[in-house]
Amino acid sequence: MSDRTELLRQIKDEVIGLKESPLYQERIKNKVFPVIGEGSHHARIMFIGEAPGRNEAATGKPFCGAAGKILDELLVSADIDRKDVYITNIVKDRPPFNRDPLPDEINAYGPFLDRQIEIIQPSVIATLGRFSMDYIMRKFGLENQLKSISQMHGKSFKATTNYGEIKIIPLYHPAVAIYNNTTKDTLIKDFQILKSPPL
Ligand code: URA
């Protein structure tokens, strides 16, 4: 097993055993799974969503429900193969009734996301929705460039990591496009930037 696969497996084991997580009891009560992440361990692009929904918690796979169907369409529109990217969320367990994640939940799972980024070392981080945008911009010390997602979507922000310079690209959450064709058109346009992010 490669180093990356082994390190990612350790994260999975730790999240499975994370009894102190505010969402652990929900997981046990509902007999569902945490969603760690899926895709290439050498991905150029890492997509970061918010938290698993019903289908994701039932299967343990990220973006496999209605929002995932939109994400798949967006990837196709940008000529990106889903198996070449890595897809994960900040929060690894499903919040009850798909409510927004709470600060405590983001704090509990954030360190696992940080480790996933360090292991995979993507050159592009595409955030899906305002929670991951906020987390990632702050993580890389770019909080002074934070604005509303309507002002930031589709733009590219330079960040410095311990493995070199990367691009952060905030995007709307695909779930917003389920019933809103205007947002879907915006997402399709924004996804084009992922084909060759400007330096
Ligand atoms: N919404 C998310 O943010 N993540 C998923 O995995 C599914 C829906």
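Atoms within each ligand, like the ligands themselves, are counted from 1 in listed order.
In this structure the side chain of Arg94 never reaches within 4.5 angstrom of the side chain of Glu26, judged on heavy atoms.
Counting atoms of ligand 1 from 1 in the listed order, those under 4.0 Å from a heavy atom of His173 are 1 (N), 2 (C), 3 (O). Near Gly49, meaning under 4.0 Å from one of its heavy atoms, ligand 1 places the atoms 3 (O). The ligand atoms of ligand 1 that sit less than 4.0 angstrom from a heavy atom of Glu50 are 2 (C), 3 (O).
Taking a cutoff of 4.0 Å between a charged side-chain nitrogen and a carboxylate oxygen, Arg44 and Asp84 do not qualify as a salt bridge. Salt-bridge annotation for Glu38 and Lys61: present, with a side-chain N of the basic residue lying under 4.0 Å from a carboxylate O of the acidic one. Classification of Glu105 and Arg99 as a salt-bridged pair holds, one side-chain N sitting under 4.0 Å from a carboxylate O. Checked for salt-bridge contact, Glu118 and Arg115 miss the test: no charged N lies under 4.0 Å from a carboxylate O.
Residue Asn89 places a heavy atom under 4.0 Å from ligand 1.
Here Ala51 has backbone heavy atoms under 4.0 Å from ligand 1, and that is the only part of it that gets that close.
Note: no N/O pair closer than 3.5 Å links Pro52 and ligand 1 by distance alone.
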